[in-house]
Structures are given as structure tokens and as C-alpha cells.
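Below is one structure; the comments refer to it alone.
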Amino acid sequence: MYFVLLFGLLGLASTSPCDTSGSNQELVLSLNKDLLRSLEEPGRLPNPSVHLALRLSKVHNLLKEGEHLNRLTVHVHNNIQSSLSGNQPVTGLLALYALALKSSCYDLNTLTFTVGDKSETLLMHLKKQMEQEKEYITFNQRPLTNYYQYSLGVLALCVNGIRVNNHVVNKLIKAVENEHFKHGDVESIDTYAVAAMALQCVKNAGCGAKKTACNIHNGAELETALSKIKQKFLASQRPDGHIGNEFSTGLAVQALLAMGTPVWECAPSMEAMRRDARGNRYHNPMAISQVLPALQQKSYLAVQSKDCHNEDDTLVLEPTDPVAVLPSKTKVAVTVEVVTSGGTGTVYSLDVPKGSSLLEALNLLQEKNVGFTFEMESSLWGPFLSAVNGERARQSDRRYWHLSSDGTSLTEGISDFKLKVAQKITLKNISY
Ligand code: B12
């Protein structure tokens with residue numbers, strides 16, 4: 001009887017939602033391979049967030065990771081250089097680049113950018129971007145870019161051992177206090193998550209190794225902000241375990257782990273992500289890159305202690321047969337409604353092969369020459385819809401084309417969202 005009970009309990013423990021043995025390990029491995037495979041997709045640019053996730057994984061393909069690192073130091077580097085030269089804010093990309101390089105133990109002091117005739121290191125440029133963001137917040141109550149990128153900036157400086165200016169940190173604390181993190185008109189859990197990792201890093205840096213006597217400017221406020229974020233996560237946890245939505249849960253779990261939450265407390269969210277992964281919800285490499293560290297019980301703070309010695313090198317990709325996806329013969333009826341900034345609405349109708357992406361549908365609609373046109377800008381998440389019928393809505397205008405289906409906001413962009421049933425898509429130019 002005793003043994004039956006003992007084995008029963010052991011059995012239960014080994015299938016506990018947070019352990020990384022058995023099926024979870026296979027799931028993690030398969031996501032890891034998907035991410036590695038994404039590096040080889042034709043036309044896909046090197047992505048610092050993907051690099052970071054690959055480097056935080058337990059298993060590696062050091063050759064492919066090394067090649068990707070080289071591509072990052074060319075493409076992303078040039079991209080940042082041209083933004084800096086054009087005086088365009090580039091805080092988030094610069095921060096992700098710094099995190100990615102650190103995760104590969106790259107000596108960041110060897111990288112410089114030149115503006116005018118002055119050449120300065122990457123981290124010095126990030127510090128300057130943060131100063132500009134901070135000044136902008138003082139006069140406009142919001143950053144030049146957004147609080148997600150502002151938080152990434154604090155995080156990247158901190159994990160690279162740079163002391164972050166107290167005023168910069170205080171602006172982040174105040175923004176948490178005043179609940180300024182919005183994604184469109186809903187709360188941005190993703191932003192709270194990155195802010196939590198950034199503030200936790202600042203806290204750890206001020207507390208030293210022994211964490212006995214902490215010397216943190218505004219320590220009490222920082223502590224309150226961290227608790228507030230934890231409360232936010234609790235309040236935004238859905239009955240199915242997601243914190244926010246399926247694409248913010250990975251970052252939220254990373255943040256909880258960084259804040260010292262025991263793994264078992266994140267069990268429902270871990271399970272939700274595993275369900276999503278099994279259901280193939282995470283096919284965008286950006287989505288995988290934010291979830292994968294969390295599924296391995298790690299956060300971006302782990303970059304701080306990365307030493308890159310004696311690393312595993314067993315991750316191999318089996319050759320895959322190219323699968324030709326033929327357009328479905330079944331059609332679905334789609335109505336596309338365009339609502340301009342002035343509130344004028346135009347409705348278009350078309351039939352598309354079932355399973356087409358919204359992007360494919362918009363292309364078909366444009367080809368019909370019925371007066372509908374659109375433009376896109378590339379981003380780490382894929383194509384961002386930036387203009388419809390000649391009307392632009394971009395970050396610089398603080399407007400965007402909001403996407404919804406039958407009145408519900410889409411949680412994916414135009415190239416990821418698939419049209420499986422008849423529906424009305426609304427593209428609405430709104431300000432934020
Ligand atoms: C800030 C933000 C926005 C801002 C961007 C402008 C600004 N204020 O800076 C606004 C409010 C405009 C926005 C819009 C949308 N967003 Co948004 N956004 C974010 C957020 C919080 C941070 C992005 C960022 O700055 N990254 C850092 C920089 C360095 O990376 P980047 O790639 O260069 O950043 C640019 C792109 O990410 C782009 N962008 C922002 N959102 C989206 C969404 C998609 C699908 C694409 C392709 C691009 C894109 O804007 C960024 C700034 O220029 C992320 C959270 C996250 N986890 O990543 C969500 C996030 C990327 N957004 C998301 C979504 C769903 C949208 C919308 C589709 C919502 C909708 N129903 O309309 C729209 C995009 C519609 C379109 N026109 O194509 C999802 C994407 C999930 C997915 N699987 O695709 C995320 C992950 C949030 C979430 N958890 O649901 N977003």
C-alpha cells in the first residue's frame with residue numbers, strides 16, 4: 001500500500017505542469033528547432049530576439065548560432081547606424097541587439113557607431129537614447145518610442161553592468177505607478193513584463209551578491225512598482241492560464257520568474273503556453289522567441305551570468321521535405337471595411353481560398369482594382385500595415401491601422417492571421 005502511494009505521488013510529481021522532463025522537453029526541443037530553422041528561411045533578416053532565445057536555450061547548434069551572430073553584426077548594425085545617422089529613435093532595436101550580443105559573450109566595447117564625426121560605443125549610444133527618451137517623457141508624458149522599448153533599454157544597460165541613471169529608472173517606476181502601459185486601448189502586459197525584468201535587474205544590481213544591505217535610490221518605490229506589476233499579472237490571468245493573451249504570457253512568466261516567483265505558481269500559465277505550442281499557435285519566430293525562455297524556466301536576466309563555456313552542441317536539424325501548400329478550393333466570403341481617420345467607411349467584398357492569410361486577401365483585393373490599396377513596413381514581427389487607400393498611420397504619427405474581425409481585435413498581424421470562415425475585417429485608422 002505504501003509503495004503504491006509512493007509511486008502514485010512520484011508519478012504525479014513527474015507530470016507536474018512545470019517540470020521539463022518528458023513531453024515538455026520534446027515540446028521545447030521542437031520549438032527550439034523551429035526557431036533555428038527560421039534563421040534559414042529565405043529573405044528572413046537576422047533577428048536579435050531570436051538570437052537571444054537560442055542563446056538562452058539549454059541545447060545549441062553553435063555553428064548556426066555563430067553564423068547568425070555574424071549576420072546580426074552586419075545587418076542589424078547597419079540598420080541601427082542608419083537610424084542614428086538619420087536622428088531616428090532606435091532604442092528597442094539597440095537594446096535587443098545589446099542583449100543578443102551579450103548572450104553570445106561578445107565584447108560590446110569593440111562595437112561603435114558613428115554620428116557626425118564622433119564614434120562611440122554601442123552602450124554609450126544606448127545611454128544617450130535613454131536620455132533622449134527620458135527628456136521626451138518629461139515634456140510629453142510618454143517616451144519617444146514606447147514604454148516597451150524604454151524598458152528594454154533599462155534592461156539591456158543593466159544586464160551589461162552599466163549603472164542606469166536614477167532619473168531614467170524613476171520615470172519607469174512612475175509610469176508603472178500611473179498605469180501608463182497601453183497597447184492600443186488595452187493594458188500592455190508585455191510592457192509590464194519587460195519593465196518588471198528591468199526593475200528587478202536594477203534592484204539586484206543595487207543589492208550586491210549577498211543581498212543584505214541594498215543601496216538603491218528610491219528602493220521603496222521600486223519595490224512598490226514590482227509588487228504592483230505582480231498584482232497586474234494576477235488580475236490579468238485568464239481562467240485558461242494566459243496572462244494577458246497568448247503572446248504576452250511568455251514575457252509575463254519570464255518576469256514572474258525574474259521576480260523570484262516559485263515555478264509552481266506559474267504552472268497554469270506554463271500549461272497554457274504548452275497547449276498553445278501543441279496547437280501550433282506559435283509559428284511566428286518572434287512569438288517563439290518570447291515563449292521559449294519561459295518554458296525553460298528562464299528569463300532575460302539569465303543573460304547577465306552567461307559565460308559561453310562548455311556549451312552543449314547537440315541541436316541538429318533533420319532535413320525537411322518542402323511541402324507545397326496548394327490554395328484550398330473552398331472559398332470563404334470576406335468583407336473588408338476601411339474606416340479612415342475622418343470616420344468615413346468604405347466596404348469591399350471578395351471570396352478568398354479558405355485558410356488564406358489576411359495579407360493574401362488584401363493582395364487579391366488590391367489586384368481587383370476596386371480602389372483599395374495598401375502598404376506595409378517590415379518589422380521583427382513581420383509586415384506592419386502602414387497605409388490603406390493612400391492614408392498613412394505610423395509610429396511617427398502616433399496612429400495605426402487597427403485590425404479587427406467581426407468587432408473583435410485581432411491578436412495577430414496581416415501575414416499571420418488566417419481566414420478560415422466568412423467574416424468582416426475592419427481596418428480602422430486610430431490614434432493612440
Ligand atoms: C508597442 C506595440 C504596438 C504599437 C506600435 C507603435 C508604438 N507605440 O511604438 C501599436 C499600438 C501601433 C501596435 C499595433 C498592433 N499590435 Co502591437 N505591440 C506593441 C508591443 C507592446 C511592443 C513592440 C515594440 O516596440 N517592440 C520592440 C521593437 C524593437 O521591435 P520592432 O519589431 O521593431 O517594433 C515594431 C513592431 O513590433 C511594430 N508592431 C507593433 N505591433 C505589431 C504587431 C504586428 C503583428 C506587427 C507585424 C508589427 C507590430 O511596431 C513596433 C514599433 O515600431 C508588442 C509586444 C511584444 N511582445 O513584442 C505588441 C505586439 C507585437 N502587437 C501585437 C498586435 C496583435 C498588434 C496589432 C495587430 C493589434 C490590432 N488588432 O490591430 C497592431 C498592428 C496592426 C498593423 N497595422 O499591422 C501583438 C502581436 C502578436 C502576434 N502574434 O502577431 C503583440 C505581441 C502584443 C500582444 N501580446 O498581443 N502595437
Side-chain angles (χ1 to χ4, degrees), residues 45 47-50 52 76 79-80 83 88-100 126 129 133 142-153 155-156 180-195 197 236 242-252 254-255 276 281-291 294 300 338 357-359 362 374-388 391-405 407-418 425-432:
L45 292 172
N47 181 325
S49 178
V50 166
L52 184 56
V76 177
N79 203 340
I80 294 172
S83 294
Q88 299 283 325
V90 67
T91 315
L93 189 61
L94 198 51
L96 280 178
Y97 186 41
L99 286 166
L126 183 54
Q129 290 277 304
E133 294 270 19
R142 59 183 177 204
L144 263 172
T145 56
N146 55 50
Y147 275 114
Y148 183 93
Q149 299 195 27
Y150 190 80
S151 306
L152 276 179
L155 179 66
H180 279 169
F181 299 163
K182 291 277 183 296
H183 184 238
D185 54 6
V186 295
E187 266 185 330
S188 178
I189 292 301
D190 315 59
T191 308
Y192 279 105
V194 183
M197 287 188 260
S236 334
H242 288 112
I243 306 177
N245 67 16
E246 51 275 63
F247 301 107
S248 50
T249 305
L251 290 176
Q254 283 199 48
D276 289 334
R281 199 79 185 89
Y282 302 129
H283 40 81
N284 188 315
M286 267 310 269
I288 304 178
S289 77
Q290 298 182 346
V291 158
Y300 291 154
V338 176
S357 68
L358 178 54
L359 174 57
L362 297 183
F374 74 104
E375 287 169 40
M376 302 168 289
E377 278 171 21
S378 59
S379 78
L380 298 178
W381 278 93
F384 180 81
L385 183 66
S386 57
V388 177
E391 197 174 279
R392 301 200 153 274
R394 292 167 307 175
Q395 185 174 331
S396 46
D397 319 316
R398 301 233 172 246
R399 301 191 71 86
Y400 75 105
W401 283 100
H402 176 264
L403 319 175
S404 58
S405 164
T408 306
S409 193
L410 296 192
T411 55
E412 288 180 314
I414 49 172
S415 71
D416 286 339
F417 184 72
K418 302 285 185 294
I425 295 288
T426 304
L427 313 176
K428 190 174 182 187
N429 184 339
I430 60 171
S431 68
Y432 61 86

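Computation of the quantities below employed the complete heavy-atom set of this structure, encompassing side-chain atoms and omitting hydrogens, waters and symmetry-equivalent molecules. Counting starts at 1 for both ligands and their atoms, in listed order.
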Notebook entry, point to check: NE2 of His183 to OG1 of Thr191: how many Å apart, nearest 0.5 Å?
Noted result: 8.0 Å

Item checked: Identity and distance of the protein heavy atom lying nearest atom 9 (O) of ligand 1 -> Asn146 ND2, 2.7 Å

Check: Are Leu380 and Leu96 side-chain neighbours, meaning at least one heavy-atom pair lies under 4.5 Å?
Finding: yes

Check: Which of the atoms of ligand 1 are close to Gly92, meaning less than 4.0 Å from one of its heavy atoms?
Finding: 29 (C)

Next item on the list: For the residue pair Trp381 and Phe247, categorise the inter-ring angle as parallel (less than 30°), tilted (30 to 60°) or perpendicular (more than 60°).
Entry: perpendicular

Checklist line | Heavy-atom nearest option to atom 36 (C) of ligand 1, drawn from Ser409, Ala95, Ser379 | finding: Ser379

Checklist line | Verify atom 49 (C) of ligand 1: protein non-hydrogen atom under 4.0 angstrom away | finding: yes

Next item on the list: Taking Gln129 for its side chain and Val90 for its backbone only, find out whether a donor-acceptor pair lies under 3.5 Å.
Entry: yes

Notebook entry, point to check: Does the N or O separation between Thr191 and ligand 1 drop below 3.5 Å for any pair?
Noted result: no

Next item on the list: Could you tell me which atoms of ligand 1, counted from 1 in the order shown, lie closer than 4.0 angstrom to a heavy atom of Leu251?
Entry: 57 (N)

Checklist line | Ala287 to ligand 1, any heavy atom closer than 4.0 Å | finding: no

Next item on the list: Please work out which of Asp185, Leu380, Leu94 has its closest non-hydrogen atom nearest to atom 31 (P) of ligand 1.
Entry: Leu380

Check: Under 3.5 Å, side chain of Ser236 to main-chain N/O of Ile243, donor-acceptor pair present?
Finding: no

Check: Side-chain contact, heavy-atom cut-off 4.5 Å: Arg398 with Tyr432?
Finding: yes

Next item on the list: Would you indicate whether the side-chain heavy atoms of Tyr97 and Ile80 approach each other to under 4.5 Å?
Entry: yes

Note to self: One residue to check: Leu385. Relative to ligand 1, which of side chain, backbone, both or neither has a non-hydrogen atom less than 4.0 Å away?
What the structure shows: both

Next item on the list: Answer side chain, backbone, both or neither: which part of Asp190 comes under 4.0 Å from ligand 1, heavy atoms only.
Entry: side chain

Notebook entry, point to check: If you round to the nearest 0.5 Å, how far is CG of Leu427 from CD1 of Ile414?
Noted result: 9.0 Å

Notebook entry, point to check: Are Val338 and Trp401 side-chain neighbours, meaning at least one heavy-atom pair lies under 4.5 Å?
Noted result: yes

Next item on the list: For ligand 1, indicate whether the residue Asn284 contacts it via side chain, backbone, both or neither (heavy-atom separation under 4.0 Å).
Entry: neither

Check: How many protein atoms of type N/O/S are positioned less than 2.8 Å from atom 17 (Co) of ligand 1?
Finding: 1

Note to self: Has Tyr282 got a side-chain atom pairing as donor or acceptor with Glu246's backbone, closer than 3.5 angstrom?
What the structure shows: yes

Next item on the list: To the nearest 0.5 angstrom, please state how far the CD atom of Gln88 sits from the CG atom of Asn79.
Entry: 11.0 Å

Margin query: Taking 4.0 angstrom as the limit and counting only heavy atoms of Asn245, give me the atoms of ligand 1 inside it, by number and element.
Written below: 88 (C), 89 (N), 90 (O)

Margin query: Please classify the Gln290 to ligand 1 contact at 4.0 Å (heavy-atom distances, strictly less than): side chain, backbone, both or neither.
Written below: side chain

Notebook entry, point to check: Could a heavy atom of Thr411 be found less than 4.0 Å from some atom of ligand 1?
Noted result: yes

Check: So Leu362 and Val388, side chain to side chain contact (heavy atoms under 4.5 Å, CB included) or not? Walk me through it.
Finding: CA-CA 10 Å; Leu362 297 183; Val388 177; over 6 Å; no

Checklist line | Spacing of CG belonging to Asp416 relative to NE2 belonging to His283, to within rounding of 0.5 Å | finding: 5.0 Å

Item checked: Distance-only N or O hit between ligand 1 and Leu93, under 3.5 Å -> no

Check: With a 4.0 Å cut-off, strictly under, does atom 4 (C) of ligand 1 pick up any protein heavy atom?
Finding: no

Margin query: I'd like to know if atom 90 (O) of ligand 1 has any protein heavy atom within a distance of less than 4.0 Å.
Written below: yes

Next item on the list: Please report which non-hydrogen protein atom sits nearest to atom 52 (C) of ligand 1, along with the residue it belongs to and the distance in Å to one decimal place.
Entry: Gln395 OE1, 3.3 Å

Next item on the list: Within a distance under 4.0 Å of any heavy atom of Pro383, pick out the atoms of ligand 1 and give their elements.
Entry: 47 (C)

Checklist line | Contact partition for His402 relative to ligand 1, non-hydrogen atoms under 4.0 Å | finding: both

Next item on the list: May I ask you to say whether Glu375 pairs ionically with Arg392, meaning some side-chain N is under 4.0 Å from a carboxylate O?
Entry: yes

Item checked: For atom 7 (C) of ligand 1, the protein heavy atom that lies nearest, with its residue and separation -> Tyr432 OH, 3.3 Å

Note to self: I'd like to know if atom 1 (C) of ligand 1 has any protein heavy atom within a distance of less than 4.0 Å.
What the structure shows: yes

Notebook entry, point to check: Considering only the protein, which heavy-atom contact is closest to atom 75 (C) of ligand 1, and what is its distance?
Noted result: Trp401 O, 3.4 Å

Item checked: Distance in Å, Leu358 CG paired with Leu385 CG, rounded so as to fall on 0.5 Å steps -> 8.0 Å

Checklist line | Distance in Å, Gln290 CD paired with Leu52 CG, rounded so as to fall on 0.5 Å steps | finding: 10.0 Å

Notebook entry, point to check: Arg281 versus Thr411: any side-chain heavy-atom pair under 4.5 Å?
Noted result: yes

Notebook entry, point to check: Got a protein heavy atom sitting under 4.0 Å from atom 54 (C) of ligand 1?
Noted result: no

Next item on the list: Could you check if a side-chain atom of Leu144 sits within less than 4.5 angstrom of a side-chain atom of Thr91, using non-hydrogen atoms only?
Entry: no

Note to self: Please list, in number order, the atoms of ligand 1 under 4.0 Å from a heavy atom of Glu412.
What the structure shows: 65 (C), 68 (C), 82 (C), 83 (N), 84 (O)

Checklist line | Distance filter under 4.0 Å to Gln149 heavy atoms, resulting ligand 1 atoms | finding: 24 (C), 25 (O), 27 (C), 28 (C), 52 (C)

Checklist line | Atoms in ligand 1 with a heavy atom of Gly413 nearer than 4.0 Å | finding: 45 (C), 84 (O)

Next item on the list: Examine the proximity of ligand 1 to Phe247 and report which part, side chain or backbone, both or neither, has a heavy atom under 4.0 Å away.
Entry: both

Margin query: Out of Tyr400, Phe384, Phe417, Phe374, who is nearest to atom 38 (C) of ligand 1 when you count heavy atoms only?
Written below: Phe384

Checklist line | Heavy-atom side-chain proximity of Leu251 to Tyr300 below 4.5 angstrom | finding: yes

Check: Checking Gln254 side chain against Ala193 main chain: does a donor-acceptor pair fall under 3.5 Å?
Finding: no

Notebook entry, point to check: Is there a donor-acceptor pair closer than 3.5 Å between any side-chain N or O of Thr408 and the backbone N or O of Ser404?
Noted result: no

Item checked: Sub-3.5 Å N/O-N/O distance, Asp416 and ligand 1 -> no

Check: Any idea which protein heavy atom is nearest atom 24 (C) of ligand 1, and the distance to it?
Finding: Tyr148 CD2, 3.7 Å

